[in-house]
Engineer: 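Got a structure here, written out as structure tokens. Questions coming.
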Amino acid sequence: MTVTMTSTGIKTPAAYIDEVMAIVKAKNPAEPEFHQAVQEVFDSLRLVLENHPEFIEAKILERITEPERVLMFRVPWFDDQGNIQVNRGFRIEMNSAIGPYKGGLRFHPSVNLGILKFLAFEQVFKNSLTTLPMGGGKGGSDFDPKGKSDNEVMRFCQSFMTELCRHIGPDTDVPAGDIGVGGREIGYLFGQYKRLRNEFTGVLTGKGLAWGGSLIRPEATGYGCVYFAAEMMKTRKDTLEGKTCLVSGSGNVSQYTVEKLLQLGARPVTFSDSDGVVYDPDGIDTEKLAWVMDLKNVRRGRIRQYTEKFKKAMFMPTDVKLDHNPIWNIKADCAFPSATQNEIKKKDAENLLKNGCKLVAEGANMPSTLEATKLFLDAKIMYGPAKAANAGGVATSGLEMAQNSQRLNWTREEVDDRLHKIMIAIHKNCYETAEKYGTPGNLVNGANIGGFLKVANAMLDQGLV
Ligand code: NDP
């Protein structure tokens with residue numbers, strides 16, 4: 001490959017980015033989600049590298065895309081019938097330039113190295129945006145908690161932690177929850193860590209309130225995403241009040257997104273899961289939300305059951321072979337994708353825009369494909385990318401770590417107030433950075449550049465490590 005040089009002998013930003021992108025693809029084959037996440041960040045960084053040749057000279061892009069450490073391990077366990085099961089466990093320790101590795105654990109059959117690398121890479125920039133001292137990491141397993149008994153989940157978690165406990169610690173790497181890892185799983189993981197290491201430390205976040213957890217942590221990602229949406233609305237002198245909102249997923253992030261939307265007077269009308277979508281034209285109110293929380297968190301049922309309880313609601317099955325999901329073809333003012341990566345494809349973005357959607361705030365990680373993102377940016381709607389809009393979860397994990405270090409518990413109001421202020425600060429940073437780099441309103445550039453600069457400068461300060 002030919003690489004263009006400037007008169008000083010340093011590659012031009014465009015040539016440098018193309019060269020590193022080619023290296024990333026060659027070194028990480030068959031990891032399309034990782035390539036996608038890197039491509040999106042690199043597209044924004046063109047604007048930065050023009051004024052910062054020192055990042056090119058120090059090979060920051062090559063270094064920031066290479067995980068500091070990748071752990072991959074066997075997780076054997078017995079199911080309830082006494083059969084041996086074997087899963088694969090992972091932890092990606094991506095970047096520790098500004099603090100200990102921090103990021104969730106995902107238990108889902110789709111988990112593989114590429115998906116976790118994309119999540120760990122995103123996490124580096126997200127954590128930087130929170131204003132708190134946290135590096136980036138991510139981990140998990142291809143274990144599927146669906147349909148497993150509590151005892152099976154416990155045995156799996158204990159086996160997983162038996163290996164992971166060698167690599168993590170309150171000042172080294174502090175995992176949290178993600179898809180398939182909620183309060184129950186964090187409890188089993190923490191119990192096994194404590195037993196093996198004989199220490200009671202803040203090694204995981206999302207802990208139970210009685211044993212080191214923080215108030216508002218379960219709510220934080222959903223609440224934070226809605227706070228971020230409200231900030232976007234303010235820039236257009238509008239509010240969420242009375243707005244019809246589509247929320248996908250029906251797990252942790254979706255439930256608390258709906259709760260905060262209701263508190264701010266908005267009208268959420270959907271939930272979904274991997275089987276399909278429920279649409280309630282009357283709107284989801286607090287009683288219906290409480291029923292969904294019990295269904296998903298206690299009875300561990302499927303969202304389709306909503307229509308058996310609330311007769312006016314309808315269920316639309318999803319078909320992964322189609323180029324669109326029916327949820328994004330319902331007329332609404334705002335969309336809160338809160339399920340999984342690439343759930344908004346090009347056709348879905350077209351449907352949202354056609355129906356007059358004015359705001360997309362991403363609760364899930366990378367829920368929009370690159371094509372969908374481009375359509376939102378070109379249409380100049382309010383678009384809050386995941387690494388900014390859903391940073392409230394990890395920010396509150398950072399607050400849980402701070403409370404653990406102090407051996408103190410803050411009140412619900414205090415944590416919520418800090419979360420709200422952090423989300424306002426993240427929005428301000430993204431908004432002002434986008435403007436400073438000549439792309440006003442483009443919060444994708446704002447988030448990528450804002451997140452990158454702090455980490456890249458810390459890497460320069462710390463030398464070649
Ligand atoms: P949960 O496990 O609580 O819920 C996940 C929801 O998404 C479920 O309704 C699930 O449906 C659905 N879902 C998962 N995978 C798929 C898929 N492949 N196709 C369709 N639907 C799917 O997870 P969370 O709510 O914690 O996480 C949701 C998203 O938010 C993820 O992208 C996660 O990375 C992101 N996030 C979470 C944070 C947190 O604090 N929890 C923090 C920041 C981001 P089903 O039951 O059918 O699988």
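First listed ligand is number 1; within each ligand, the first listed atom is number 1. The basis for the numbers below is simple: all heavy atoms, side chains too, and nothing from hydrogens, waters or symmetry mates.
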Engineer: Taking R302 first and then D275, would you say they form a salt bridge - that is, a charged N and a carboxylate O separated by under 4.0 Å?
Structural biologist: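 Salt bridge present between R302 and D275.
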Engineer: Considering non-hydrogen atoms of the protein only, which is the closest contact for atom 4 (O) of ligand 1, and what is the distance?
Structural biologist: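 I find the closest protein heavy atom is G251 CA, 3.3 Å.
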Engineer: Compute the shortest N/O to N/O distance between G177 and ligand 1 and return yes if it is under 3.5 Å, no if not.
Structural biologist: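 No.
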Engineer: Check ligand 1 against A364 and write out every atom of the ligand that is under 4.0 Å from a heavy-atom position of the residue.
Structural biologist: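 Here the atoms of ligand 1 in question are 29 (C), 30 (O), 32 (O), 35 (C).
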Engineer: Considering only heavy atoms from C-beta outward, does the side chain of K138 approach that of M94 to under 4.5 Å?
Structural biologist: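 Contact flag for K138/M94 side chains = no.
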Engineer: Looking only at protein heavy atoms, which one is nearest to atom 15 (N) of ligand 1, and what is the separation?
Structural biologist: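 Looking only at protein heavy atoms, the one closest to atom 15 (N) of ligand 1 is H108 NE2, 3.5 Å.
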Engineer: Thinking salt bridges, do E432 and K428 make one under a 4.0 Å N-O criterion?
Structural biologist: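 Between K428 and E432 there is a salt bridge, with a charged N closer than 4.0 Å to a carboxylate O.
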Engineer: State, yes or no, whether a side-chain contact exists between M423 and E231 at a heavy-atom distance under 4.5 Å.
Structural biologist: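 In short, these two side chains do not touch, never coming nearer than 4.5 Å.
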Engineer: For the residue pair Y306 and D280, confirm or rule out a side-chain donor-acceptor distance under 3.5 Å.
Structural biologist: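 Indeed, the side chains of Y306 and D280 share at least one donor-acceptor pair under 3.5 Å.
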Engineer: Taking distance alone, with no angle check, do R302 and ligand 1 share an N/O pair under 3.5 Å?
Structural biologist: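 Yes - when backbone and side-chain N and O of R302 are compared with those of ligand 1, one distance drops under 3.5 Å.
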Engineer: I need the nearest protein heavy-atom contact for atom 31 (C) of ligand 1: residue, atom name and distance, please.
Structural biologist: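 For this ligand atom, the closest protein heavy atom is A339 O, 3.3 Å.
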Engineer: Yes or no: does R106 have any heavy atom under 4.0 Å from an atom of ligand 1?
Structural biologist: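 For ligand 1, residue contact (heavy atoms, under 4.0 Å) with R106 is present.
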Engineer: Are N390 and N365 linked by a side-chain donor-acceptor pair shorter than 3.5 Å?
Structural biologist: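 Yes.
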Engineer: Does at least one non-hydrogen atom of Q341 fall below 4.0 angstrom from an atom of ligand 1?
Structural biologist: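 Q341: no contact with ligand 1 (<4.0 Å).
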Engineer: Heavy atom to atom 41 (N) of ligand 1, shortest distance: which of N390, N252, L119 holds it?
Structural biologist: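 Among N390, N252, L119, the closest heavy atom to atom 41 (N) of ligand 1 belongs to N252.
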Engineer: Donor-acceptor pair, distance only, cut-off 3.5 Å: does the side chain of D294 make one with the backbone of V298?
Structural biologist: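 Pair absent, no side-chain N/O of D294 close to backbone of V298.
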Engineer: Heavy-atom contact check, 4.0 Å cutoff: does R217 meet ligand 1?
Structural biologist: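 Yes, that is the case, since the closest heavy atom of the residue is under 4.0 Å from the ligand.
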Engineer: Around atom 11 (O) of ligand 1, find the nearest protein heavy atom and jot down its residue, atom name and distance.
Structural biologist: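 Here the nearest protein heavy atom works out to D273 CB, 3.4 Å.
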Engineer: Looking at K374 and E371, does any basic side-chain N land under 4.0 Å from a carboxylate oxygen?
Structural biologist: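 Looking at E371 together with K374, the answer is no, because their closest N to O distance does not fall below 4.0 Å.
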Engineer: Do we see a donor-acceptor contact under 3.5 Å between the side chains of E40 and N448?
Structural biologist: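 Side chains of E40 and N448: pair found under 3.5 Å.
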Engineer: Tell me, which protein residue and heavy-atom name are nearest atom 25 (O) of ligand 1, and how many Å apart are they?
Structural biologist: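 For atom 25 (O) of ligand 1, the nearest protein heavy atom is V253 N, 3.0 Å.
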Engineer: Give me the one residue out of F271, W291, F315, Y279 that meets ring pair (Phe, Tyr, Trp, His ring centres under 6.0 Å) with F310.
Structural biologist: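 With F310 as partner, ring pair (Phe, Tyr, Trp, His ring centres under 6.0 Å) holds for just one option, W291.
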Engineer: State, without any angle test, whether K345 and N325 hold a side-chain donor-acceptor pair at a distance under 3.5 Å.
Structural biologist: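 Short answer, no.
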Engineer: If you measure from each heavy atom of G363 to ligand 1, is any distance below 4.0 Å?
Structural biologist: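 Yes.
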Engineer: Over 60° means perpendicular and under 30° means parallel, so classify the ring planes of F156 and W77, tilted if in between.
Structural biologist: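 Correct class here is perpendicular.
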Engineer: Give me the residue, atom name and distance of the protein heavy atom closest to atom 38 (C) of ligand 1.
Structural biologist: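 The closest heavy atom on the protein side is T221 OG1, 3.6 Å.
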Engineer: Do me a favour and list the nearest non-hydrogen protein atom to atom 47 (O) of ligand 1 with residue, atom name and distance?
Structural biologist: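 Sorting protein heavy atoms by distance from atom 47 (O) of ligand 1 puts S274 OG, 2.3 Å first.
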Engineer: For the pair F125 and F452, name the ring-plane relationship: parallel under 30°, tilted 30 to 60°, perpendicular over 60°.
Structural biologist: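 Parallel: the ring planes of F125 and F452 meet at under 30°.
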Engineer: Between S250 and ligand 1, is there a nitrogen or oxygen pair with a distance under 3.5 Å?
Structural biologist: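 N/O-N/O distance below 3.5 Å exists for this pair.
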Engineer: Any protein heavy atom at under 4.0 Å, with atom 28 (C) of ligand 1 as the reference point?
Structural biologist: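 Yes.
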Engineer: Charged N to carboxylate O under 4.0 angstrom, R106 versus D178?
Structural biologist: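 Here R106 pairs with D178 in a salt bridge, since their nearest N and O are under 4.0 Å apart.
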Engineer: Has G104 got any heavy atom lying under 4.0 angstrom from an atom of ligand 1?
Structural biologist: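 Not so, G104 does not reach ligand 1.
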Engineer: Under 4.0 Å, heavy atoms only, figure out whether ligand 1 is touched by the backbone of S338, its side chain, both or neither.
Structural biologist: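 The answer is the backbone of S338.
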Engineer: Check each atom of ligand 1 against the heavy atoms of S272 and keep those under 4.0 Å away; list them by number with element.
Structural biologist: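 So the answer, numbered in order with elements, is 9 (O).
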Engineer: Look only at interatomic distance and state if D178 has a nitrogen or oxygen under 3.5 Å from any nitrogen or oxygen of ligand 1.
Structural biologist: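 Between D178 and ligand 1 (N or O atoms, distance only) the closest approach is under 3.5 Å.
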Engineer: First locate atom OG of S397, then atom CE of M134, and finally report the distance between them rounded to the nearest 0.5 Å.
Structural biologist: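 CE of M134 is found 7.0 Å from OG of S397.
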Engineer: Of the side chain and backbone of E362, name the one, both, or neither that has a heavy atom under 4.0 Å from an atom of ligand 1.
Structural biologist: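 For E362, there is no contact with ligand 1 at all, from either part.
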Engineer: Run the contact test for S110 against ligand 1 with a 4.0 Å cut-off on heavy atoms, strictly below, and give the result.
Structural biologist: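 No, that is not the case, since the closest heavy atom of the residue is not under 4.0 Å from the ligand.
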Engineer: Using heavy atoms and a 4.0 Å limit, tell me yes or no: is M366 in contact with ligand 1?
Structural biologist: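 So M366 does not count as touching ligand 1.
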Engineer: Please list the nearest protein heavy atom to atom 17 (C) of ligand 1 with its residue and the distance rounded to 0.1 Å.
Structural biologist: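 Scanning the protein heavy atoms, the shortest distance from atom 17 (C) of ligand 1 goes to T340 CG2, 3.5 Å.
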Engineer: What are the atoms of ligand 1, with element, lying closer than 4.0 Å to any heavy atom of K146?
Structural biologist: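 Answer, ordered by atom number: 45 (P), 46 (O), 47 (O), 48 (O).
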Engineer: For ligand 1, which atoms have a heavy atom of G249 less than 4.0 angstrom away?
Structural biologist: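 Near G249, the atoms of ligand 1 are 9 (O).
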Engineer: I'd like to know if the side chain of S272 reaches the main chain of S248, judged simply by a donor and an acceptor atom lying under 3.5 Å from each other, with no hydrogens or angles considered.
Structural biologist: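 No; judged by distance alone, with no hydrogens or angles, the pair does not exist.
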